[in-house]
There are 2 protein chains.
Amino acid sequence: MKKKITLKQIAKELDVSVSTVSKALSNSKEISEDTTKKIQAFAKLYNYKPNNIALSLKNRKTRTIGILIPEIVHHFFSTVIRGIERVANRRGYNVIVGLSNESFTKEIINMEMLANGSIDGFILSISKETLLKQDYHHFNATINQGMPIVMFDRVVNEVDCDKVIVDDFNGAVKAVKKLIENNCKNIALITTMDYVSVGRLRTQGYLEALQNSGIVADSNLILKIDDSLDVENNLEILEAEIAQFFKSNPNIDGVFAVNELYAVSAMKVARKLGFTIPEDLQVIGFTDGVLSKHATPSLTTVSQHGQKMGEQAANLLIERLEAEDAETEIYFTNNDRKRDFIKVVIETEIIERESTK
Amino acid sequence: MKKKITLKQIAKELDVSVSTVSKALSNSKEISEDTTKKIQAFAKLYNYKPNNIALSLKNRKTRTIGILIPEIVHHFFSTVIRGIERVANRRGYNVIVGLSNESFTKEIINMEMLANGSIDGFILSISKETLLKQDYHHFNATINQGMPIVMFDRVVNEVDCDKVIVDDFNGAVKAVKKLIENNCKNIALITTMDYVSVGRLRTQGYLEALQNSGIVADSNLILKIDDSLDVENNLEILEAEIAQFFKSNPNIDGVFAVNELYAVSAMKVARKLGFTIPEDLQVIGFTDGVLSKHATPSLTTVSQHGQKMGEQAANLLIERLEAEDAETEIYFTNNDRKRDFIKVVIETEIIERESTK
DNA sequence: TGTCAACACGAAAACGTTTTCGTTAAATAT
DNA sequence: ATATTTAACGAAAACGTTTTCGTGTTGACA
């Protein structure tokens, strides 16, 4: 077992100083051609690679990005990670991921664990519990310590940082508008409780689209699911609620659901109740994932472009990190003040499939 | 912006030495009660947390685990990550993830990027391209450098390390046996090309189950999909192949597919061709993911227990890491030799849903 | 009064780098 | 012949810790 070799060992072996080895390996012209050749050959032979931790300590930066998300077994979040990883890797960064599991406490613990030097900045999406508590001190605390944060999807005005979101509002507007154009007269909304910001925005979009077309919203046509319970493992409850909803409102001919699962479940229930899709009932979901694509009938959705969000977030973060570098290196840089925080809005797009006419 | 405070700054502020501060914070009884109190109060006030990088450098271990997987937008892999993260976090470790994207080169680059001190050990699943090339030198190289590896799911005999796999063979046997018991007479297999080990094992299981029941396998009933093409984005090709397959073999009354997508696609195609499921045709897939649960009809599957695999893998790795620690700390430990490499086999389980009788 | 422990703390090394600043010897310029 | 530059290298500091080994000051004891 040959442990990784260090500069010191190379130096000893070749009977030169550590500094000489370091310089030779970086092709410093302080070192003679002969010794440089000799040292580089030796280093190559022993497959020398500088120790990352030592470099991190010296440079006071780790070139790794911390990702903190509520849940990883989730198509949307994994596409975001893929996006982040893509650009991070391309730009020479690593990513380290933490999962809050939708818990406030785990979010804090994870942040503290990573904020002590392990990473240069965060990309995160806020946990449900945190949104409920509306306690954002941990975000502001880490920002105050000089560690930049980029938030995506589930963001919040109370924290000053770069943000990447999808245009939930207009996405919903587009979807409902499409249903209206397709001649739906009684469009239902299946949504979550209000505290997750994205759910609220999509609900507002629904209302807006109706109003724009001169339709008065009927509160009976809005079904709010309590998503504090784990729906994935309580599918029957969800389906029962939806069934009840359809039975109380037999005139429904269009459904807009704020996520994929609700939409697919709605289709499933509706078909059992005798609806034909899209003839009797048209359905549009939000978030374009695997379910939408493979459902029967396949689901028309509002695409969220998770990967693009991840890429944008990573670019924002890295640019800020490297701007900071420049700022400390160049002494007087008043002309190049830190840029303001920006909010990137990713446009949504309707992907038409079989669940609409 | 208050940057994180260091021992040195505390020492200066309180006019003591760095060593005193360090000892006081760890409650060393070398330090008087008075100074200890004072220092701890000050540290708490300024929210002192030791710098992780410095600790890593000093201890020559990072308490972080490197995960290297072919793809993250994939239900199975994300459940594995969830499992790893769960136990890693519980045992005080972080996880850093790299994606090989099924590419040999990216796998190597990622490994080298992480192996230079950033992590203590790897948990990985081999990329398709690597399996094709059968070139495993990078795995053996990192192991030789003293960095332990745990492989899961896609493993290979040529590398000596701990492994966690599912019982692909017996899972397939069980599934096909179930179809036979359910009175299927002509059971088809939809599988991949042979080079991914798991596909091969599942195929063998299929053959074994047939043979056990005295049925001669019919090669016409085996459809091999070339999964080098990106099926997710070429669904039509996949479906066309399957349709052709059904048409050439109209007597098929049972299908075993080596993954979820093939199974769901088979159901979709079959229904379009007029089959009723499960009456005319019964289907079982491998890998229990979102698709299986939400398909119509929902799919009977062989569950892979991704999360459990992740947990087992993490435990194996961490135990080995901490055994190494013990070995270097206690000088004579001949009685406690390094344990042999073990292969944990996770039992599969059939989850019955609507696609079988 | 002199010896020795106990106490409370500091100095320094170590982890693996990079970089600044010497230092020596040879080469060139004056 | 003397002064100055240049080439080639080494020493040491720094990043933030922990830990080993002093060291000086007490107080107790003979």
Side-chain angles (χ1 to χ4, degrees), chain A residues 3-40 43 46-64 115-120 145-147 325 328-329, chain B residues 3-40 42-43 46-64 115-120 145-146 325 328-329:
Chain A
K3 278 260 174 225
K4 301 226 63 162
I5 199 171
T6 71
L7 284 191
K8 197 193 284 191
Q9 295 169 41
I10 299 184
K12 193 172 177 188
E13 215 64 37
L14 262 48
D15 211 46
V16 291
S17 80
V18 176
S19 1
T20 304
V21 179
S22 175
K23 289 171 187 165
L25 291 178
S26 57
N27 282 311
S28 161
K29 54 182 310 229
E30 266 185 67
I31 307 300
S32 76
E33 205 172 321
D34 274 7
T35 19
T36 300
K37 281 247 165 74
K38 188 178 59 179
I39 291 177
Q40 291 192 348
Y46 282 88
N47 190 29
Y48 169 79
K49 295 278 166 50
N51 180 302
N52 246 322
I53 296 291
L55 284 180
S56 295
L57 184 59
K58 178 125 235 304
N59 301 329
R60 273 117 125 255
K61 67 189 54 132
T62 60
R63 293 191 83 82
T64 97
N116 298 317
S118 304
I119 62 171
D120 296 341
Q145 282 172 14
M147 174 157 306
D325 283 10
T328 49
E329 276 166 21
Chain B
K3 278 261 175 222
K4 301 227 64 161
I5 200 172
T6 70
L7 284 190
K8 197 192 286 191
Q9 295 171 41
I10 298 183
K12 195 173 176 186
E13 215 64 36
L14 262 48
D15 211 48
V16 291
S17 79
V18 176
S19 1
T20 304
V21 179
S22 174
K23 289 170 187 165
L25 291 178
S26 57
N27 282 312
S28 161
K29 54 183 308 238
E30 265 185 67
I31 308 298
S32 76
E33 205 173 321
D34 274 6
T35 21
T36 301
K37 282 247 164 75
K38 190 179 57 178
I39 291 177
Q40 291 191 347
F42 191 88
Y46 281 89
N47 190 30
Y48 170 79
K49 296 278 164 53
N51 180 301
N52 246 322
I53 296 292
L55 284 178
S56 295
L57 183 58
K58 178 130 235 305
N59 302 329
R60 273 116 125 257
K61 67 188 53 132
T62 61
R63 293 192 83 80
T64 97
N116 298 318
S118 304
I119 62 171
D120 296 341
Q145 282 173 14
D325 283 10
T328 50
E329 275 165 21

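Any value given below was found using the heavy atoms of this structure, including those in side chains, with hydrogens, waters and symmetry copies removed. Per chain, numbering begins at 1; letters A, B, ... match sequence-line order.
Within 6.0 Å of CZ on B:Phe42 lie more than 12 heavy atoms contributed by other residues, nucleotides or ligands.
Annotation: of the two residues near DNA chain C, B:Thr36 and B:Ala54, the 5′-most nearest-nucleotide partner is B:Thr36. Mapped onto DNA chain C by nearest heavy atom, B:Val16 and B:Leu57 fall at different nucleotides, with B:Val16 at the one closer to the 5' end.
Put simply, B:Thr6 has no side-chain N or O that comes within less than 4.0 Å of OP1 or OP2 on D:dC15. Contact between the side-chain N/O atoms of B:Ser32 and the OP1/OP2 oxygens of C:dC7 is not found at any separation under 4.0 Å. For D:dA7, neither phosphate oxygen OP1 nor OP2 lies less than 4.0 angstrom from any side-chain nitrogen or oxygen of A:Lys29.
When the local axes at the two ends of the helix from C:dT1-D:dA30 to C:dT30-D:dA1 are compared, using 5 base pairs at each end, they differ in direction by 80° after rounding to 10°.
Rounded to an integer number of Å, the gap from B:Ile39 CD1 to C:dA8 P is 13 Å. Between the C1' atom of D:dT17 and the CZ atom of A:Arg60 lies a distance of 14 Å, rounded to the nearest Å. For the pair A:Ile10 CD1 and C:dG16 C1', the interatomic distance rounds to 12 Å; values are reported in whole Å. Nucleotide D:dG16 holds its C1' atom 12 Å from the CG atom of B:Asn59, rounded to whole Å. Atom CD1 in B:Ile53 sits about 21 Å away from atom P in D:dA14, given to the nearest Å. Per the geometry, CG belonging to B:Asn51 stands 9 Å off C1' belonging to D:dC15, to the nearest Å. Taking atom CG of B:Leu7 as the reference point, atom C1' of D:dC15 lies 13 Å away to the nearest angstrom. Across the protein-nucleic acid pair, A:Lys38 atom NZ and D:dC9 atom C1' stand 12 Å apart, rounded to whole Å.
No side-chain donor-acceptor contact under 3.5 Å links B:Ser22 and B:Ser19. Between the side chains of A:Ser17 and A:Thr20, a donor-acceptor pair is found at a separation under 3.5 Å.
Here A:Ser56 lies out of heavy-atom contact (under 4.0 Å) with every strand.
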(request) Check step by step if side-chain contact (heavy atoms from CB on, under 4.5 Å) holds for B:Ile53 and A:Thr62. (result) CA-CA 9 Å; B:Ile53 296 292; A:Thr62 60; 3.9 Å; yes
(message) side-chain contact (heavy atoms from CB on, under 4.5 Å) for B:Leu25 and B:Tyr48? Distances and angles first, verdict last.
(response) CA-CA 10 Å; B:Leu25 291 178; B:Tyr48 170 79; 3.7 Å; yes
(message) Assess the residue pair B:Lys29 and B:Thr36 against the criterion (side-chain contact (heavy atoms from CB on, under 4.5 Å)); give the C-alpha distance rounded to whole Å, side-chain angles, the decisive distance to 0.1 Å, and a yes or no.
(response) CA-CA 9 Å; B:Lys29 54 183 308 238; B:Thr36 301; over 6 Å; no
(message) Would A:Met147 and A:Ile119 count as a side-chain contact (heavy atoms from CB on, under 4.5 Å) here? Give the steps.
(response) CA-CA 9 Å; A:Met147 174 157 306; A:Ile119 62 171; 3.9 Å; yes
(message) Using side-chain hydrogen bond (donor to acceptor under 3.5 Å, both in side chains), reason through B:Lys4 and A:Asn116 one step at a time and then give a plain yes or no.
(response) CA-CA 8 Å; B:Lys4 301 227 64 161; A:Asn116 298 317; 2.8 Å; yes
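Of the possible polar contacts, none joining the A:Glu30 side chain to the A:Lys23 backbone as a donor-acceptor pair under 3.5 Å is found.
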Please write out the pairs of protein N or O atoms and N or O atoms of nucleotides 19-21 of chain D separated by less than 3.5 Å, giving the distance to one decimal.
unit_1: D:dT20; atom_1: O4; unit_2: B:Lys23; atom_2: NZ; d: 3.3

